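Following: one structure in structure tokens, then a few remarks.
Just follow the structure's listing: the first ligand is 1, and inside any ligand the first atom is 1. Predicted model, so just to flag it, every value in this text is computed and none were measured.
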Amino acid sequence: MFQAFDLHTHTVHSDGTTEPEDNVLLAKQAGLAGIALTDHDTVTGWTQMREASERHGLLFVPGIELSTERDGRSVHLLGYWVDPDDGALLAECDRLRNERSRRAEQICERLAELGVPVDMQRVRQLAGDAPIGRPHIASAMVEAGYVGDITAAFDGYLADDGPAYVPKYAVDPVNGVHLLQAAGGATVLAHPGVSEDGGGPVTPALLDELAAAGLSGVEVDHPGHNPEVATRWRSLAIRHGLLITGASDFHGERKELRIGECTTSTDTLEQLQAVASKEPNSTVSGSPTWS
Ligand code: AMP
Ligand code: ZN
Ligand code: FE
Ligand code: FE
């Protein structure tokens, strides 16, 4: 029987609006066999998602979407089955959390100068315990009535080329691949054809570098990739002998996406897990456990 997995979803533990269990239930409704949790720069939701997956009979794939940066362009890396106690990875996540907090304050200062003062306390409330992301600021702007929706907040203010944009310092993507690998994970380049952060899509030259650094796969099937873009990245991935994954990048109410919109096959998932179990610090052993 064909089984499908959604390998990229967010929750309230980063800039999504749902709890881990909600994602699991949505995955079950969509007929998926399993689901990954890939919050930005944190593994906080893993325990909840693992328990919910066990309760509802789905396979849980633990992941993280690590923020990296090259030439003013955000490059997102998905790390699966990383060791959640890896010191270097946790240190980078802590550093990014502080960086995100500092940067959110600067963005709010810019917004005030632009005549749309957003209450930083409200942004912190919206983020809760999660690392603060631009979507939290966008939600505060919608609440305050400055913009009609999240997209308008990005288009008018928060996008990389927008007037309230402030960059965040992050490691180079090549170092990001090394960091995730050293933590025992399998690494996939997230949505390379989506220019969501203004700097444009990832270049084929960067893919060459990441492949040489030990990248395992490319997220080719993503709602932000039109068929032409997906075809281009599919052939680039094949040329490098990389695995091809698919996922929704679900963010709850903050993006109009459905869990299961794009998916990954069992075969690809097993190949990814085999990579993770070969990494030196890996905590993964044996083949996937199907509940
Ligand atoms: P940050 O991590 O704070 O730089 O924010 C990046 C996140 O903002 C991405 O992961 C998306 O969830 C969201 N995002 C980026 N660009 C847009 C956009 N144009 N519209 C809606 N959400 C966006
Ligand atoms: Zn996000
Ligand atoms: Fe992303
Ligand atoms: Fe994402």
| note | Here the atoms of ligand 1 under 4.0 Å from any heavy atom belonging to His251 are 12 (O)

| message | Quick check for you: within a radius under 2.8 Å, how many protein N, O or S atoms neighbour the Fe ion (ligand 4)? | response | 4

| message | Is the shortest side-chain heavy-atom distance between His13 and Trp46 below 4.5 Å? | response | no

| Relative to ligand 1, is Arg100 under 4.0 angstrom through side chain, backbone, both or neither, heavy atoms considered? | side chain

| note | By salt bridge (Lys or Arg N to Asp or Glu O under 4.0 Å), Asp221 pairs with (sequence neighbours left out) Arg234

| field | Heavy-atom neighbours of Glu256 CD exceed 12 at 6.0 Å | value | no

| query | Taking distance alone, with no angle check, do Arg134 and ligand 1 share an N/O pair under 3.5 Å? | reply | yes

| query | Between Lys255 and ligand 1, which part of the residue brings a heavy atom under 4.0 Å of the ligand: side chain, backbone, both or neither? | reply | side chain

| message | If the cut-off is 4.0 Å to any non-hydrogen atom of His40, which atoms of ligand 1 fall inside it? | response | 10 (O)

| message | Distance alone, cut at 3.5 Å: any donor-acceptor contact between the side chains of Arg110 and Gln106? | response | no

| query | Got a donor-acceptor contact below 3.5 angstrom from the His225 side chain to the Gly193 backbone? | reply | yes

| query | Do Arg124 and Gln121 meet the criterion of a side-chain donor-acceptor pair at a distance under 3.5 Å? | reply | no

| task | Quick one: look at Asp155 and ligand 1, take heavy-atom pairs under 4.0 Å, and tell me if it's side chain, backbone, both or neither. | result | neither

| From His251 NE2 over to Asn23 CG, what is the distance, rounded to the nearest 0.5 angstrom? | 11.0 Å

| query | For ligand 1, does Glu65 get within less than 4.0 Å through its side chain, its backbone, both, or neither, judged by non-hydrogen atoms? | reply | neither

| field | Which segment of Glu69 sits under 4.0 Å of ligand 1 when only heavy atoms are counted | value | neither

| message | Check contact between Arg103 and ligand 1, using heavy atoms of the residue and a distance below 4.0 angstrom. | response | yes

| task | Answer yes or no: does atom CG of Asp129 have more than 12 heavy-atom neighbours from other residues, nucleotides or ligands under 6.0 Å? | result | no

| remark: CG (Leu243) and CD (Glu219) are apart, to the nearest 0.5 Å, by 13.0 Å

| said: Does any N or O of ligand 1 fall below 3.5 Å from an N or O anywhere on Thr151, backbone included? | reply: no

| task | State, without any angle test, whether Ser67 and Arg100 hold a side-chain donor-acceptor pair at a distance under 3.5 Å. | result | yes

| Is His76 in polar range of ligand 1, meaning some N or O pair under 3.5 Å apart? | no

| Is it true that Pro135 lies under 4.0 Å from ligand 1, counting heavy atoms only? | yes

| query | Which ligand 1 atoms are under 4.0 Å away from a heavy-atom of Lys168? | reply | 1 (P), 2 (O), 4 (O)

| note | The salt bridge (Lys or Arg N to Asp or Glu O under 4.0 Å) partners of Arg232 (sequence neighbours excluded) come to none

| request: Kindly write out the residues that satisfy side chain to side chain contact (heavy atoms under 4.5 Å, CB included) with Thr264, not counting sequence neighbours, or none if the list is empty. | output: Leu7, Thr245, Thr268

| task | Could you list which atoms of ligand 1 come closer than 4.0 Å to a heavy atom of Gly133? | result | 3 (O)

| Can the ring centroids of His40 and His10 be said to lie less than 6.0 angstrom from one another? | yes

